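See structure below.
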Amino acid sequence: MISNPKRQILPRIYFNRPTVQVARSLIGKYLVRAIDGRILAGKIIEVEAYVGLEDKACHASKGRTQRTDVMFGPGGVAYVYLIYGMYHCLNVVTEREKFPAAVLIRAVEINGELIDGPGRLCRAMQIDRGLNRADLTTGELIWFEDRGELLKRGDVGIHPRIGIDYAGEWAQKLWRFRLRTMALTRAGHRKKQGGAG
DNA sequence: TATTTGATTCTT
DNA sequence: AGAATCAAATAT
């Protein structure tokens with residue numbers, strides 16, 4: 001369905017790789033949602049990696065349950081869960097089958113507007129548990145696209161993950177990645193200093 | 001069955 | 001600093 005060769009739906013093999021690598025490389029790609037025939041596309045600004053049984057911050061670290069079962073499956077599948085009774089979070093499952101891991105999508109830019117936070121993102125893109133276990137590689141309801149935009153060295157900030165203080169030493173892992181661009185640092189607040197970067 | 005908690009966001 | 005709000009996990 002995508003005729004423009006510069007718009008490539010990310011295939012399953014893209015996600016069958018080490019999770020931190022997938023997370024890092026998803027920055028600058030697009031999350032695309034089809035809603036009633038309309039297309040909503042967001043440039044991915046921030047993600048976090050959750051890796052395996054040992055990662056105390058990863059939901060699957062407590063074992064294979066009804067909720068975490070999807071993380072044990074093939075990559076390129078959506079893991080959507082309800083958090084704090086109010087918000088949904090979207091993840092894409094990574095790595096090989098039986099290795100539970102996923103990347104949380106934390107922020108996107110839609111039509112120049114920064115949607116910051118996984119709960120807000122899901123609200124803006126109408127993502128809820130109805131999309132749990134959805135295949136993200138078919139280009140039907142929701143998928144990822146490479147639109148050929150290349151990042152410069154230093155464009156991606158590397159940080160500790162957020163909201164997982166309970167995870168002990170795992171909370172210190174630098175598994176959060178965030179795109180740094182002047183355009184995204186609060187509209188109108190901070191002016192660009194100097195000229196071309 | 002009861003209690004606690006949480007990959008958040010918004011208000012005070 | 002605290003509320004909102006509920007499913008999953010843990011304790012009983």
Side-chain angles (χ1 to χ4, degrees), chain A residues 10 15 17-29 31 33 40 42-95 98-110 113-134 136 142 144 156-180 184-187 189:
Chain A
L10 300 187
F15 302 99
R17 293 185 294 146
T19 307
V20 173
Q21 191 176 319
V22 174
R24 166 66 178 76
S25 64
L26 277 176
I27 299 297
K29 302 296 192 298
L31 175 62
R33 177 87 166 96
L40 197 57
K43 186 176 188 173
I44 296 173
I45 302 299
E46 185 180 56
V47 301
E48 282 176 354
Y50 289 87
V51 188
L53 294 168
E54 295 189 341
D55 176 6
K56 293 301 185 221
C58 181
H59 288 168
S61 66
K62 287 164 185 156
R64 189 168 187 162
T65 66
Q66 185 168 12
R67 180 171 71 149
T68 64
D69 181 71
V70 62
M71 296 180 80
F72 289 77
V77 173
Y79 167 40
V80 183
Y81 64 90
L82 181 68
I83 188 68
Y84 298 114
M86 311 180 71
Y87 300 102
H88 296 273
C89 290
L90 170 69
N91 304 250
V92 55
V93 175
T94 55
E95 313 228 14
K98 299 184 181 178
F99 187 99
V103 174
L104 170 68
I105 313 300
R106 292 191 55 91
V108 295
E109 187 195 46
I110 300 176
E113 180 187 5
L114 178 61
I115 309 296
D116 202 353
R120 291 175 182 146
L121 185 160
C122 286
R123 191 174 56 192
M125 301 190 80
Q126 298 183 33
I127 295 164
D128 61 23
R129 284 183 300 166
L131 288 173
N132 191 35
R133 293 179 177 277
L136 299 173
I142 180 171
F144 292 94
V156 179
I158 306 174
H159 311 92
R161 294 175 293 179
I162 288 176
I164 54 161
D165 289 345
Y166 61 88
E169 60 183 302
W170 294 90
Q172 299 168 32
K173 298 283 185 186
L174 299 176
W175 286 352
R176 179 162 59 100
F177 302 92
R178 187 175 173 102
L179 184 64
R180 309 177 341 183
L184 293 174
T185 57
R186 284 293 159 76
H189 186 63

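Predicted model only: the values in this text are computed from it and were never measured. In the text below, chain A, chain B and the rest are named by the order of the sequence lines, each starting its count at 1.
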Check your understanding: Phosphate oxygens OP1/OP2 of B:dC10: is one of them under 4.0 Å from a side-chain N or O of A:Arg120?
Key -> yes
Review point. Partner of B:dA7 by Watson-Crick or G-U wobble geometry, both contacts under 3.5 Å, or none?
Key: none
Revision key, fill the gap. Here the distance between atom P of B:dA7 and atom CH2 of A:Trp170, to the nearest Å, is 16 Å
Review point. Please give, in whole Å, the distance from C:dA9 P to A:Tyr166 OH?
Key: 12 Å
Check your understanding: With sugar-phosphate meaning primed atoms plus P, OP1 and OP2, does A:Arg129 contact a base, only sugar-phosphate, or nothing at under 4.0 Å between heavy atoms?
Key -> sugar-phosphate
Review point. Hey, does the side chain of A:Arg123 come within less than 4.0 Å of B:dC10's phosphate (OP1/OP2), counting only N and O?
Key: yes
**Study point:** Nearest-Å distance for atom pair CZ/C1', residues A:Arg67 and C:dT10
**Key:** 13 Å
Point to revise | P spacing across the pair B:dA2 / C:dT5, given as an integer number of angstrom | key: 22 Å
Check your understanding: Roughly, in whole Å, what's the span from CD1 in A:Ile83 to C1' in B:dC10?
Key -> 16 Å
Review point. What is the distance from CD1 of A:Ile164 to P of B:dT5, rounded to the nearest Å?
Key: 18 Å
Review point. How far does CG of A:Leu26 sit from CG of A:Leu179, to the nearest 0.5 angstrom?
Key: 12.5 Å
Check your understanding: In whole angstrom, what separates A:Asn132's CG from B:dA7's P?
Key -> 15 Å
Practice item. Name the closest nucleotide to the A:Lys62 side chain, picking from B:dA7, C:dT10, B:dT9. Key: C:dT10
Review point. Counting any heavy atom closer than 4.0 Å, what does A:Leu104 reach on the DNA or RNA strands: base, sugar-phosphate only, or nothing?
Key: base
Check your understanding: Can you find an N or O donor on one side and an acceptor on the other, under 3.5 Å apart, linking the side chain of A:Tyr81 with the base of B:dA7?
Key -> yes
Check your understanding: Rounded to the nearest 0.5 Å, how far does CD of A:Gln172 lie from CG of A:Asp165?
Key -> 10.5 Å
Check your understanding: Can you say whether the rings of A:His59 and A:Tyr81 are parallel (under 30°), tilted (30 to 60°) or perpendicular (over 60°)?
Key -> perpendicular
Exercise for review: Report which part of the nucleic acid A:Arg161 touches: base, sugar-phosphate, or nothing (heavy-atom distance under 4.0 Å, all strands).
Suggested key: nothing
Exercise for review: Would you check if A:Tyr84 stacks with the base of B:dT8, given a 5.5 Å centroid limit and a 30° plane limit, both strict?
Suggested key: yes
Check your understanding: Rounded to the nearest Å, what distance is computed from the CG atom of residue A:Leu121 to the P atom of nucleotide B:dA7?
Key -> 17 Å
Check your understanding: So which nucleotide from C:dC6, C:dA4, B:dA7 ends up closest to the side chain of A:Met86?
Key -> C:dA4
Revision key, fill the gap. Atom CG of A:Asp128 and atom P of B:dT8 are separated, to the nearest Å, by 18 Å
Review point. Side chain of A:Tyr87: nearest nucleotide among C:dA7, B:dT9, B:dA7?
Key: B:dT9
Point to revise | Pairwise side-chain contact, A:Val80 with A:Cys89, heavy-atom cut-off 4.5 Å (strictly under) | key: no
Review point. Can you tell me how far CD1 of A:Ile44 sits from OG of A:Ser25, rounded to the nearest 0.5 angstrom?
Key: 9.0 Å
